[in-house]
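To find a chain, count down the sequence lines: A is the first, B the second, and so on, and within it residues start at 1. What you are looking at is a predicted structure, and each value in this text was computed from that prediction instead of being measured.
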Amino acid sequence: MTTSTSHLQSHPGLNLGAAHGQAHADAEPVVFGFWIFLMSDLVTFAMFFAVYATSLQATAGGPGNADIVDVTSIALQTGALLVSSLLFGIATVAMKHGSAARTVIFWLIASLAFGLCFLGLEVRDFIDAADKGAVPMRSGYLSAFWALVGLHGLHVAVGSVMILVVCTQIAFFGLASDVKTRVLRLGLYWHFLDIIWIGIFSVVFLPGLLT
Amino acid sequence: MEHFIFGRLGWDDIAIFDVFRDPTVSNIVGSSAGWLAVIGGVVVAALLLIKGWWRPLLFEWLNTTDHKKIGIMYIVVGLVMFARGVAEGVVMRTQYVTAFEGGYLTADHFSELFSTHGTIMIFFALMPFLIGFMNLLVPLMIGARDVAFPRLNQISLGFTIVGAMLLMVSLVIGKFATGGWTGYPPYTGVAFQPGTGPDYWIWSLGLSGIGSLLTGLNFAVTIYKMRCPGMTYLRMPIFVWTALCTSILLIFALPPLTAVVIMQALDRYLDFHFFTNDLGGNMMNFANLFWMFGHPEVYILILPAFGLYSEFTAIFAGKRIYGYTSLVIATMAIAVLSFTVWLHHFFTMGQSPTINVAFGIATMLIAIPTGVKVYVWIATLWGGRIRMRTPIIYLAGFILFFAVGGYTGILLANPTINFTVHNSQFVVAHFHNVLLPGTLFAVLASIYVWFPKFFGFRLDERWSATTAWLFIIGFTFAFMPLYMVGLMGLPRRSPAFDDPSYIPYMIVTMGGALCVFAALCTLIGTFVVSAKRREELAVPGGDPWDGRTLEWATPSPVPEWNFAFLPEVKCQDAFAVEKAQGSAYKIEREDFEDIELAPKSWIGLTIIVFGTLLGFAMVFWIWWLAVLSALALLAHAIGLGFVRDEGEIIPADVVERTERDWIAAARQGQGTDRTDEVSARNRGFSARITEA
């Protein structure tokens, strides 16, 4: 995949090789395309947020927000996700500064570990909610709640699988430039999920904590 | 055990046997359609095997990542589905003739017909047509070798075909939804339609929607990042601008569809309560989300068509497009405004008058940029040396009827009027009035214009012109009377009526529908006749109409690598200017290089096979098959990351030979005068080469 180089702007991400080298030119459309995907995904989340916001009163006499939010767990989840993102950032910086493949894999696996902590806590919360009768089949509100939080959880799960895949690719191919752009894109995705989580935290959990 | 293997699929679901179980007229019609699909499939399969065509199909088409072949496949899929859509239209019009106190189809069968008709025409005929043209033209027009992500392009096509396949399967096994193409719950919820119908709707739209989203992404990146040197934004052909706007619309408008389809699936499969009547469900969320997608979708269908009109109007008027910049601004304005009007699809569903007025005004605003466009086309024709070829016939029909469609749109945009005519045949007349002349005519005209570019020979002029007239006349009689019966009070989607005064109108519309059907037949005839005369109609020079943009500066058919050297442009309509200055058809460089093309890929076929199986399995609750298909798709997707194919290398000497042969032929070739362009003397060499 070659692009003409006369009108290249620098792509919105980390430089992965010599600035304006071939790796840079190749990364240009790929990284830009991934940003577009993230924008689109953001709109999908926006729709789930909108439905959630319109369903706040639709509890049909069932459990509401305050009944299912566990403050400690949410705080731990937030912490785990943010630390995971930080570790991913370290992995990317290590890659940029020419660390060994093993080092990059180490940081990625560390990031994955915290991601899995997040998922584990979230699943536990879901199970707790279900025990309290707050299953999504109970009401429109709970449907919207499970779908929004679950959609984010699903994204994290997919990202976790992708971290494993990318680590395997690093092990197979070393830090070749196409593998590097994959790490870069996965990083964008991983940080993007933080932003979504902050949205969920503010819209879904914070009101529950205040009441 | 049987339930485990077959899910809820039983013998009763095989719709083609309905006719033997209960031979009513309705069942005969339904089963015949199913049998037609089965026999058609068998005949195609037999031809592939006997003629040995499966080999090229498999190894030259289905695994290709060439944007031109992918574009052609999109259009072929569109034509097949379009044929079914037209047939359904004819059946529905026949129903209306007999619909006074009855009709020969059952109400359910009729509902299924308008549901599949709408779904097919929008998602599997018009969209593939336009995305097909985007594939064919955008890389060539911006001077690129391919789209940004060739393999992703194949994936998009795969998902589109999956949706189309599910619709065809629904003709034979099970039933499609009866809730219209918009599939409003709660009617499409489990409580009212527990069967397979809405599930077919969910999976065909959901899976093909993934493909459309990826197409939007792919073309946005292509247009932003792959333009050849000198191709600044304001030198891009208008079609590329419209393709860019469509891509942006796809990127932002498909997510609401994805969201709404996921929620509807959760409601139906897992008993969630997004849109149900009870336990806090709210179907207004569905209406809003669906039309947040649905209204931009209308512009996804119309903007590229506007682009096509702009391109060939300039060609057949022999003149630069008038008001290029205003056309660009108008296109962008429509793209932005299209996100602000969704609510006009449900003015009557209970919002406050203030909200209705706001959306009504936003809707009317769209008429301004659209009006600009119509004037631009008229002004382009003005003072041009117009050649009355088939595309101009379509264009004339378009300008006339699209204006009418626009006016009725403004009427509908007024909430007070909308309250009176909503849900009536008036609405049916309106949207057919914009989508047929607007999109369909553009596509048919463009098939005529660009067919020679990609197949190397022109289409027969007489057959093409006949088709155009039949479509225009058929359209007029099939849809104009619906304005009248709509104002007289006939609701849309109603299988019967009890006012005899509708009958004469219905007879006229059926005549129109038959005329459209005749046009479909002559369209197929055009391809057959032209293919037989292809020696005579051959245009190896690649420029049969005195084209203006870069795609005409290549031989016909276009070589797989498009351009020997990436072009450098200095102005709009670069090729027309080069021809005028006598600098076209020259080799100015000697440094021919090997060209690397994207590697072939099987991911598209994997998606077609396992995507269809996944959709089918989900519709019939065959969970093991669904899981296996999903795993197969996932495994292939992950596996792709580990395969590092070298692309196909075209050696420099092949590139050089092709280029030199073509240039030599062009310089010796007998240029034809444009007035002579439908004669056998037109070999695709512009007269201006010899003049210069």
Side-chain angles (χ1 to χ4, degrees), chain A residues 1-9 11 25 28-37 39-48 50-51 54-62 135-144 146-147 150-151 158 161-162 164-166 168-169 172-173 176 178-179 182, chain B residues 143-146 148-150 152 213-214 216-218 220-222 224-232 247-248 250-256 258-260 262-263 266-267 270-276 278-282 284-285 288-289 292-293 566 568 595-596 598 634 638 641-642 644 647:
Chain A
M1 197 188 305
T2 52
T3 32
S4 57
T5 47
S6 65
H7 59 277
L8 282 185
Q9 294 107 32
H11 68 70
E28 179 82 23
V30 183
V31 175
F32 180 68
F34 201 76
W35 275 103
I36 293 184
F37 164 73
M39 279 201 295
S40 192
D41 211 24
L42 189 64
V43 180
T44 310
F45 273 109
M47 296 300 126
F48 281 82
V51 169
T54 56
S55 305
L56 282 174
Q57 307 303 322
T59 49
V135 289
M137 301 81 184
R138 177 61 188 83
S139 71
Y141 168 75
L142 286 167
S143 296
W146 278 72
L151 185 69
V158 171
V161 174
M162 292 320 289
L164 280 179
V165 170
V166 161
T168 323
Q169 285 180 356
F172 261 81
F173 305 120
D178 59 338
V179 178
R182 284 195 191 123
Chain B
R145 294 242 157 79
D146 206 325
F149 310 117
L152 193 68
L213 175 66
L214 296 175
L217 189 157
N218 208 341
V221 178
T222 305
Y224 281 123
K225 297 291 178 187
M226 309 281 286
R227 283 167 290 128
C228 68
M231 182 63 78
T232 57
S247 306
I248 295 172
L250 284 167
I251 292 162
F252 289 110
L254 260 300
T258 312
V260 87
I262 291 174
M263 289 173 195
L266 289 171
D267 270 10
L270 294 174
D271 199 21
F272 278 40
H273 291 281
F274 285 108
F275 313 126
T276 53
D278 54 345
L279 293 176
N282 181 357
M284 282 313 294
N285 278 335
N288 276 294
L289 257 57
M292 268 180 218
F293 146 77
L566 289 183
E568 284 190 35
I595 294 174
E596 187 183 346
L634 202 64
I638 291 177
F642 290 89
R644 301 176 127 189

Options [options], ranked by heavy-atom pairs under 4.5 Å with chain B, top entry:
options: V51(A), T168(A), T54(A); answer: V51(A)
options: S40(A), A147(A), G62(A), G61(A); answer: S40(A)
options: M39(A), R182(A), M47(A), M137(A); answer: M137(A)

### Task
Name the region of F48(A), side chain, backbone, both or neither, that has any atom closer than 4.5 Å to a heavy atom of chain B.
both
### Derivation of the side-chain contact (heavy atoms from CB on, under 4.5 Å) call for Y141(A) and L56(A)
CA-CA 6 Å; Y141(A) 168 75; L56(A) 282 174; 3.8 Å; yes
#### Entry: Non-neighbouring partners of F173(A) that pass side-chain contact (heavy atoms from CB on, under 4.5 Å), sequence neighbours left out
Q169(A), V179(A), F642(B), R644(B)
Which atoms of [X] come close to chain A, meaning under 4.5 Å heavy atom to heavy atom: side chain ones, backbone ones, both, or neither?
X: D271(B); result: both
X: A259(B); result: both
X: L213(B); result: side chain
X: M292(B); result: side chain
X: I251(B); result: both
X: M263(B); result: side chain
X: I262(B); result: side chain

### Query
So which of A598(B), P256(B), G641(B) has the biggest tally of heavy-atom pairs under 4.5 Å with chain A?
G641(B)
For the pair [X] (side chain) and [Y] (backbone), establish whether a donor and an acceptor sit closer than 3.5 Å, ignoring hydrogens and angles.
X: S139(A); Y: L142(A); answer: yes
X: N218(B); Y: L214(B); answer: no
X: R138(A); Y: F272(B); answer: no

#### Entry: Verdict with reasoning, F37(A) to F34(A), per ring pair (Phe, Tyr, Trp, His ring centres under 6.0 Å)
CA-CA 5 Å; F37(A) 164 73; F34(A) 201 76; 5.5 Å; yes
## Note on the structure
Closest non-hydrogen contact found for L566(B) with G143(B) is CD2-O, 3.4 Å
### Query
What residues form a side chain to side chain donor-acceptor pair (under 3.5 Å) with D267(B), not counting sequence neighbours?
none
